[in-house]
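Note that the structure is predicted; figures quoted are calculated from it, not measured. First the proteins, then the strands, lettered A, B, ... as listed; each starts at 1.
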Protein chains: 2
Amino acid sequence: MSDNDAMTAARTSTPQPLADPLSGAASPGAGMGLRERKKLKTRIAIRDATYRLIRERGYEATTVEQIAEAAEVSPSTVFRYFPTKEDIVLTDEYDPLLEEDLRARPADEPIVESLRHVLRRAVGLGFTEEPEISRLRTKLMVEVPAVRSRMLESMSVTGHMLCRVIADRTGRDADDLEVRTFSMGLIGALTETAAYWAEHDHQDDLGDLVDRTLGMLSAGFAGPEVASPSGGRL
Amino acid sequence: MSDNDAMTAARTSTPQPLADPLSGAASPGAGMGLRERKKLKTRIAIRDATYRLIRERGYEATTVEQIAEAAEVSPSTVFRYFPTKEDIVLTDEYDPLLEEDLRARPADEPIVESLRHVLRRAVGLGFTEEPEISRLRTKLMVEVPAVRSRMLESMSVTGHMLCRVIADRTGRDADDLEVRTFSMGLIGALTETAAYWAEHDHQDDLGDLVDRTLGMLSAGFAGPEVASPSGGRL
DNA sequence: CACCTTTTGAGAGTTACTCTCAATTCATGC
DNA sequence: GCATGAATTGAGAGTAACTCTCAAAAGGTG
């Protein structure tokens, strides 16, 4: 979860070959047939049009019809590519990358530590490639109820990914209560980190915030007290 | 969060005096004027009608119009009482009770420990008072995307409550990054516990599951390993 | 270039939700 | 009791996000 990453791609009708998760990137899907390339272009066109319109007139004021018109497709097509309006904003294809990075870390490293490294990179990546998008997304996630709601779906998808990784590492079942709650606890904390970042107008460095969050978690939920003014433990 | 408790009551137009959070309970709002009493009765009628219809024909197949008819009010009135259809299902008034219980615990007790005690009681309470409701709710939360989505709103409200309690205990600010992520981490894990419970057909004892979750959390996120087949740490 | 499959657009329909306004219902002072 | 004012309700019209169906268009293949 670079920030609100993760996605509901799972619910998207066509689970795109994802190839290149970043819209603005160079060659949109080189190699595959014309059909595939066109689909990718349409997808990107819809996403870009959406972000542009939302920036111009706000989320609620932007209708799917307008998005369709701006992207030069029919409204039906928009819904074929994204099951809901919120998904146009929230969907991305970072999860597989994240999973890959995570699995590349040494298996005996504590998962929180692995996450720290992986997210550090993801955050940096998101910034160089799509500097505006992360900000707009987190902002919408904080300000627009409908988007925030849909976030849980994203969290859930990323959470399941985490469960699988942890399960493979530890030999436990991915459906273990402990594995699941641990994962969702992490995702919840990280999502809140993104929300905090947005609420404070993106003034802090997201990487630092993530570090602090993970540091707090490994210092321990109710374990040794975290430095606090009153010395009280959490 | 007895299970998916917590609520979006905050977004409800009229923040009811909540008096008696349980619909089936004895005297619906004794003491207050006729107006207030009628409002409470309407609220309960809508909620009960909704649960009945959903049980009979499922969530999606139940329209707000049908709910209105069954509750003998107009559709407009339904929306006046509950901002969204999902809220009819998710809204409850447990949060204030939870907060009260939480504040009644000794301030030097680790918060996870306090939660264990408080939730133990809440779970028991939810069972004796509304045995069916908790099950239906968690089931819907797992099965109906729209309801699950709305959950994040609930989680957020409960999370803020937790933040305030922790802030008061520790002298920190309720908006501290650490306080917030810690809280949402907890809520995320607990919500997942409820989901787990529902997905396994409510066969386990929810209180036990909550105990396991909290035990895992205080044993430590990446701290000493949790007993696991391979001995790997989380 | 013909054949088959996939993708698209057009259009009609459903439903959750919003807004406005007039009618009703409760609360209050006399 | 009853008149006056405030809160609550219902009716109705309107919007916008979806869903479904079907025919047209475009891509892939022999």
task = Select base, sugar-phosphate, or nothing to describe what A/T63 touches, counting heavy atoms under 4.0 Å on all strands.
result = sugar-phosphate
task = Would you kindly give the CD1-to-P distance between A/I46 and C/dT8, to the nearest whole Å?
result = 9 Å
message = Quick one: does any side-chain atom of A/T91 pair with a main-chain N or O of A/I88 as donor and acceptor, under 3.5 Å?
response = no
remark   = From CD of A/E69 across to P of D/dA17 the rounded distance in Å is 14 Å
task = Check whether any side-chain N or O of B/Y81 sits under 4.0 Å from OP1 or OP2 of D/dT8, and answer yes or no.
result = no
query = Quick one: B/E86 CD to C/dA16 P, roughly how many Å, whole number?
reply = 9 Å
query = Which whole-number value in Å describes the distance from A/K39 NZ to C/dT7 P?
reply = 4 Å
key: For B/Y59, the option from B/T50, B/L53, B/L136, B/L140 that meets side-chain contact (heavy atoms from CB on, under 4.5 Å)   = B/L140
Chi angles and distances behind the side-chain contact (heavy atoms from CB on, under 4.5 Å) call for A/L162, A/L102 = CA-CA 9 Å; A/L162 237 191; A/L102 219 42; 4.2 Å; yes
task = For B/E56, look at atom CD and say whether over 12 heavy atoms of other residues, nucleotides or ligands are found less than 6.0 Å away.
result = yes
ask   = Does A/E60 or B/E72 map to a spot on DNA chain D nearer the 5' end, using the closest nucleotide for each?
value = B/E72
ask   = In chain order, what residues pass the side chain to side chain donor-acceptor pair (under 3.5 Å) check against A/R55, with sequence neighbours excluded?
value = none
message = Once you apply a heavy-atom cut-off of 4.0 Å, does B/T77 come out as touching a base, just sugar-phosphate, or nothing?
response = sugar-phosphate
message = I need the NZ-P distance between A/K41 and D/dA26, as an integer number of Å.
response = 15 Å
message = Output the rounded distance in Å from CZ (A/F79) to P (C/dA10).
response = 15 Å
Pull out every protein N or O sitting under 3.5 Å from an N or O of nucleotides 26-30 of chain C, one pair per line with the distance.
from, atom 1, to, atom 2, distance (Å)
C/dC26, OP1, B/K38, NZ, 3.0
C/dC26, O2, B/R35, NH1, 3.4
C/dC26, O2, B/R35, NH2, 2.9
C/dA27, OP1, B/L34, N, 3.1
C/dA27, OP1, B/R35, N, 3.4

ask   = A/K39 versus A/Y81: any side-chain heavy-atom pair under 4.5 Å?
value = yes
query = Just how far, in rounded Å, is C1' of C/dT15 from CZ of B/R57?
reply = 15 Å
inquiry  = Counting distance alone, no hydrogens or angles: does the base of D/dG10 have a donor or acceptor under 3.5 Å from a partner atom on the side chain of B/R80?
reply    = yes
query = Nearest to the side chain of B/S74, which nucleotide is it out of D/dA11, D/dC18, C/dA16?
reply = D/dA11
message = Nearest to the side chain of B/V64, heavy atoms from C-beta on, is which of D/dC18, C/dA16, D/dG10?
response = C/dA16
inquiry  = Tell me whether the count of non-hydrogen atoms from other residues, nucleotides or ligands lying under 6.0 Å of CZ in B/R121 goes above 12.
reply    = no
task = Starting from C1' on D/dA17, measure out to CZ on A/R150 and report it in whole angstrom.
result = 13 Å
